[in-house]
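Here the structure is a predicted model, which means the values were calculated and not measured.
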Amino acid sequence: MANSFSRISSVGQRDSQLNVSGSNFSRHTDIERDEEVLMENVFHSMLTLERRRAERSRKPFVLMLLDANLENGTAEVILKQAVRVVVASKRETDLVGWYKQGAILGIIFTEVNLEGELPITETLRSKIETAFIKHLGRERAAKIAISMHIFPETWDKNSSGWVADSKLYPDLNRRGSRKRLPLAIKRAIDILGSGVLLLTLSPFPAMIVALIKLTSKGPVIYKQERLGQFGERFTCMKFRTMYANNDPKIHEEYVQQFIAGKDGLDNSNGSDKPVYKLVKDPRVTLIGRFLRKTSMDELPQFWNVFRGDMSLVGPRPPVAYEFEVYDIWHRRRVLEVKPGVTGLWQVSGRNRTRFDEMVRLDLRYCQTWSLWLDLKILLATPGAVFNGGGAC
């Protein structure tokens, strides 16, 4: 994860603490600088806007958080003294505000250069630490914990423990708090709905298991690692629709080209638009084609819903090699809500939609989510399945 954390060490003799009344910072300057510090809700909004700007410009930024919360009752006093130092040290384009009112101070260093002999996080940390020691004294400076967070984050596909840095997305946490009751109802619907479907559809899995066993060798259930909300990995389950020991490179290369928007992809289903999955995939068995056409291969995913890995409705969970080639703004479909079995783009265009449009539909769902929207998508899903196309 692209963040780091430190606390300035107390070394040697005790330095004299900053005497606010006798310092060079005049009261007039204090007022001016206090006006430059954004309130918590404004700072969170500016952080969201800065993420959007970075998505478009591809120029990264660094979020620095100053936390003196361990000093019970004195955190705000210490951080208000730190504000004077920070405001005097920042560039005009940088933003200072309360990440958590009175407890955590935030600084957004915009459009930073990540190339250099030293990591930009260490350069910025050293600059602020040096300024704190100079103006506040080493003992008081040592009470301020500093953490660094870079956007966009560097995704490590080989790290099974990688998740998105939640500190960069306080707006999502705030949105979740406002919708706590509707989200609790959504989870209750997921548990009840998936449980009922697993019970009522139980005769179908038994027949599918027999057909898979009779027509090809290998396990009945196909388990694949996918990315859930905030990039947390989980094991997604489906009925196996391919021959065992197949070459995954075929699908990997196709999906990566599709996401990149490259023309010339095989579109042998007769549609003018590209499709999200291979139409004539040589790895798919005869019974597998039927299962995919009817989306019955996805019945085991109701167990993922019951466990809490997924929801009945939400963006489809990506595989690692798909997420690897996402544009920065594509990642938002993974961050904002839990993945689902069906979603807005599945009932709007199924697989015959360009990837960027799929993501826009997912983001529209995230931004306009309601229980009523989930209900409409669930009611529209059977028609989308019977009209053909199959989910991915």
Side-chain angles (χ1 to χ4, degrees), residues 1-40 43 46-47 50 60-151 165 167-168 170:
M1 190 178 299
N3 66 76
S4 54
F5 180 92
S6 77
R7 184 176 291 277
I8 305 173
S9 303
S10 297
V11 194
Q13 296 181 347
R14 175 178 177 178
D15 291 20
S16 59
Q17 296 180 2
L18 177 67
N19 185 336
V20 179
S21 61
S23 70
N24 294 326
F25 297 105
S26 67
R27 181 167 182 170
H28 179 69
T29 305
D30 290 346
I31 295 173
E32 286 182 340
R33 289 176 177 172
D34 284 345
E35 290 176 350
E36 293 189 48
V37 181
L38 303 174
M39 299 294 286
E40 180 180 331
F43 186 75
M46 295 305 296
L47 180 55
E50 188 61 25
F61 70 84
V62 173
L63 170 67
M64 176 186 286
L65 297 180
L66 309 177
D67 187 356
N69 202 37
L70 296 177
E71 301 302 320
N72 189 25
T74 61
E76 189 168 6
V77 174
I78 295 173
L79 290 176
K80 281 188 174 180
Q81 293 175 359
V83 163
R84 308 184 190 101
V85 180
V86 170
V87 172
S89 304
K90 76 178 185 69
R91 302 170 301 175
E92 288 186 1
T93 55
D94 299 332
L95 301 171
V96 180
W98 289 109
Y99 186 87
K100 183 178 180 182
Q101 196 69 34
I104 302 176
L105 189 67
I107 308 104
I108 301 173
F109 297 95
T110 62
E111 298 190 7
V112 297
N113 182 10
L114 298 182
E115 298 179 0
E117 294 183 4
L118 289 175
I120 185 62
T121 52
E122 294 307 312
T123 301
L124 293 173
R125 184 199 305 279
S126 177
K127 176 182 177 181
I128 296 298
E129 286 180 345
T130 301
F132 282 167
I133 292 172
K134 178 180 178 181
H135 294 289
L136 302 181
R138 189 174 298 275
E139 182 175 341
R140 182 147 295 195
K143 296 176 181 179
I144 302 174
I146 301 177
S147 63
M148 312 291 289
H149 312 264
I150 300 177
F151 183 90
D165 186 355
K167 296 294 185 183
L168 292 165

Once rounded to the nearest 0.5 Å, what's the spacing between atom CG of Leu168 and atom CZ of Phe151? 7.0 Å
In Å, rounded to the nearest 0.5 Å, how long is the span from CG of Leu136 to NZ of Lys134?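 Leu136 CG to Lys134 NZ: 12.0 Å, rounded to 0.5 Å.
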Closer than 3.5 angstrom, by distance alone: can the side chain of Asp94 be matched with the main-chain N or O of Thr110 as a donor-acceptor pair? yes
Using the rule given for side-chain contact (heavy atoms from CB on, under 4.5 Å), can you reason through Ile128 versus Ser89, listing the C-alpha separation, both sets of side-chain angles and the distance that settles it, and then say yes or no? CA-CA 7 Å; Ile128 296 298; Ser89 304; 4.3 Å; yes
With side chains defined as the heavy atoms from C-beta onward, is the minimum distance between [X] and [Y] less than 4.5 Å?
| X | Y | answer |
| --- | --- | --- |
| Phe132 | Arg140 | no |
| Ile144 | Leu105 | no |
| Leu47 | Phe61 | yes |
| Arg84 | His135 | no |
| Tyr99 | Leu63 | yes |
| Leu79 | Trp98 | yes |
| Ile150 | Met148 | no |
| Ile120 | Asn113 | no |

Sorted by chain and residue number, the side chain to side chain contact (heavy atoms under 4.5 Å, CB included) partners of Leu95 (sequence neighbours excluded) come out as Met46, Ile108
Sequence-distant partners of Glu111, side chain to side chain donor-acceptor pair (under 3.5 Å), two or more places apart: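 With neighbours one apart ignored, the set is Arg53.
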Results of side chain to side chain donor-acceptor pair (under 3.5 Å) for Ser126 - residues two or more places apart only: none
Can you name the residues that form a salt bridge (Lys or Arg N to Asp or Glu O under 4.0 Å) with Lys90, not counting sequence neighbours? Glu36
So which heavy atom on Gly106 is nearest to which on Leu65, and how close?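 In this case the closest contact between Gly106 and Leu65 is CA-CD2, 4.0 Å.
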Minimal non-hydrogen separation, Ala131 against Val85, with atom names: CB-CG1, 3.4 Å
Please name all residues satisfying ring pair (Phe, Tyr, Trp, His ring centres under 6.0 Å) with Phe43, sequence neighbours left out, ordered by chain then number.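 Ring pair (Phe, Tyr, Trp, His ring centres under 6.0 Å) check on Phe43 returns nothing, list empty.
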